[in-house]
Protein chains: 2
Amino acid sequence: MAESSTRTVERALVLLGAVCGAGSITLADAARGTGLSASTALRLLRTLESTGFVRRDGDGSYRPGLRVVQLGAQALGQESLVSLAEPALERLVGQTGESAYLSVPSHDGQGVYLAMREGTHSVRHASWVGRSIPLDGTAVGAVLAGAAGPDGFVVVRDGVEADVTAVAAPVSPGGRVVAAISVVVPSYRITATEARRLGALVAREAEDLLAHIPAGPLGQDLTGEPA
Amino acid sequence: MAESSTRTVERALVLLGAVCGAGSITLADAARGTGLSASTALRLLRTLESTGFVRRDGDGSYRPGLRVVQLGAQALGQESLVSLAEPALERLVGQTGESAYLSVPSHDGQGVYLAMREGTHSVRHASWVGRSIPLDGTAVGAVLAGAAGPDGFVVVRDGVEADVTAVAAPVSPGGRVVAAISVVVPSYRITATEARRLGALVAREAEDLLAHIPAGPLGQDLTGEPA
DNA sequence: AAGGACGTTTCAATAAGTGAAATACAGGAC
DNA sequence: GTCCTGTATTTCACTTATTGAAACGTCCTT
């Protein structure tokens, strides 16, 4: 892990995160939220603005700019794990009709959705790519935290999301969990026995994905820790 | 437009762009490409790494990190224009079977794809979100440059992309082009007359989208210029 | 009216950032 | 084997880039 760092850059990146997280934020709130003085925050936000990473509304609040969309999409497009997982997600959707997800551990110790395939039964239409996943109370979180047992999957019924059963399985080249495959079903549509059967299916797809991961870079997780 | 700026932050953001653009880059190439000394580039890349924006492979090269994916996806998810355009894109795909796109002008004077709906006939499966569009030789580029005439659309047959006909129409609240709706068809599947008919269809959808744009923030384009 | 919050500008102070130089390592050519 | 080139990394003297407190203007609430 890198040691030396550049304070000014860190501050600007934290501000960028605040803007993207909030969607729209005033200078005062951005400064307060990041612990910077108003003049420092203003200057850093102006830099982010002049480089396209944030933009400013007519009412003065800051919003994400196109540049961060662009770089994020480029980064996602270059993520081999996403394309490697597409067949598995497609098959899961095809076999279950439910929405399937690929998630990875994030830098801050949580998880992040990286890809999704919507189920034919799905009532969700918003993209979940980029969203954080809490480690507690979610099947994905448990899997990323290493809690998948000998079954090779985790079932969480009515966890942080009410009325939903989530089933997840780890992708673990070299023994370290670098990703999770998961499927989400409304609980009214699945019994405990069916959830276990789905778990086996998801685990099999995770194994298949693992078999397609070449040794080398993909053995690392996206936070940069080597396998 | 913002005046004052922070050199150190600008440099780091340029480096981030270089990493995301290249997908994988060595320190030496990143330093060379940005005109920084190797030690400066190293320190800035280390900051980007420690904050999750880039990660480092076992072979030492730098790649985009999860944080930029995350923020980019958050930013995209909060872009109202994208959700407002979804019905138009869906209808175009439904009526034509071809892939439909939403694009916006970018900070560097080109265009960027912001949303796409894949056609049922489509042979493309990669996401185009975040990709740049040259202004020359593309229907979208012409539209974003203001070249749509009284027809309200532009047709480019076999432009920068061989064997493809692209049709685009502007979305122009307050008279300024803030986005383009476009459809792409393999040229073998469409005559010039059909392309004009498709153009009228795309122009109608752009008009419909325009009618759904509330006055205010969406009147600005994503580079931050007010309408 | 007063008070508070916001956004913006100014500028003295300093420490944060810089890059040249040195070093170690790897790979290729001879 | 030696030599050369290129890479990544560390060091540190130097300076300038960055900071934040203070001042100011605007707006809103009481």
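Since we're looking at a predicted model, the values are computed, not measured. Convention: sequence-line order gives letters A, B, ...; per-chain numbering from 1.
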query = So what does A:Thr8 touch, heavy atoms closer than 4.0 Å: a base, only the sugar-phosphate, or nothing?
reply = sugar-phosphate
key: Protein-nucleotide distance (A:Leu45, atom CG; D:dT18, atom P), rounded to Å   = 15 Å
message = I'd like to know if the side chain of A:Gln70 pairs up with that of B:Ser132 as donor and acceptor (distance under 3.5 Å, no hydrogens or angles considered).
response = yes
key: Spacing between A:Leu42 atom CG and C:dC6 atom P, to the nearest angstrom   = 14 Å
query = To the nearest Å, how far apart are B:Leu27 CG and D:dT10 C1'?
reply = 13 Å
ask   = Distance check: side-chain N/O of A:Arg32 vs OP1/OP2 of C:dC6, anything under 4.0 Å?
value = yes
ask   = Quick one: is A:Arg11 getting a side-chain N or O under 4.0 Å of the D:dG20 phosphate, OP1 or OP2?
value = yes
Base of C:dA20 paired with side chain of B:Ser39 (donor-acceptor, under 3.5 Å) = yes
query = Taking atom P of C:dG7 as reference, at what distance in whole Å does atom CG of A:Leu36 sit?
reply = 14 Å
inquiry  = Is it true that B:Thr47 and B:Ser50 share a donor-acceptor pair across their side chains at a distance under 3.5 Å?
reply    = no
request  = Tell me whether the OP1 or OP2 atom of D:dT10 has a side-chain N or O from B:Arg46 closer than 4.0 Å.
outcome  = yes
ask   = For DNA chain C, whose closest nucleotide is more 5', that of A:Ala38 or that of A:Val9?
value = A:Ala38
ask   = Below 3.5 Å, does any donor atom in the side chain of A:Thr6 face an acceptor in the base of C:dG17, or the other way round?
value = no
remark   = In whole angstroms, the gap separating P of C:dC6 from CD1 of A:Ile25 amounts to 12 Å
query = Does a donor on one side chain and an acceptor on the other come within less than 3.5 Å for B:Glu10 and A:Thr51?
reply = no
note = Atom CZ of A:Arg56 and atom C1' of C:dC6 are separated, to the nearest Å, by 11 Å
inquiry  = Using 0.5 Å steps for rounding, measure from the OG1 atom of A:Thr34 to the CG atom of A:Leu36.
reply    = 3.5 Å
task = Measure from CZ on A:Arg7 to P on C:dG17 and round the result to the nearest Å.
result = 6 Å
key: Sugar-phosphate only, base, or nothing, as touched by A:Thr40 at under 4.0 Å among non-hydrogen atoms   = base
request  = Measure the distance from CG on A:Leu44 to P on C:dT8 and round it to the nearest whole Å.
outcome  = 14 Å
task = Say whether B:Ser61 and B:Ser24, considering side chains only, have a donor N or O and an acceptor N or O under 3.5 Å apart.
result = yes
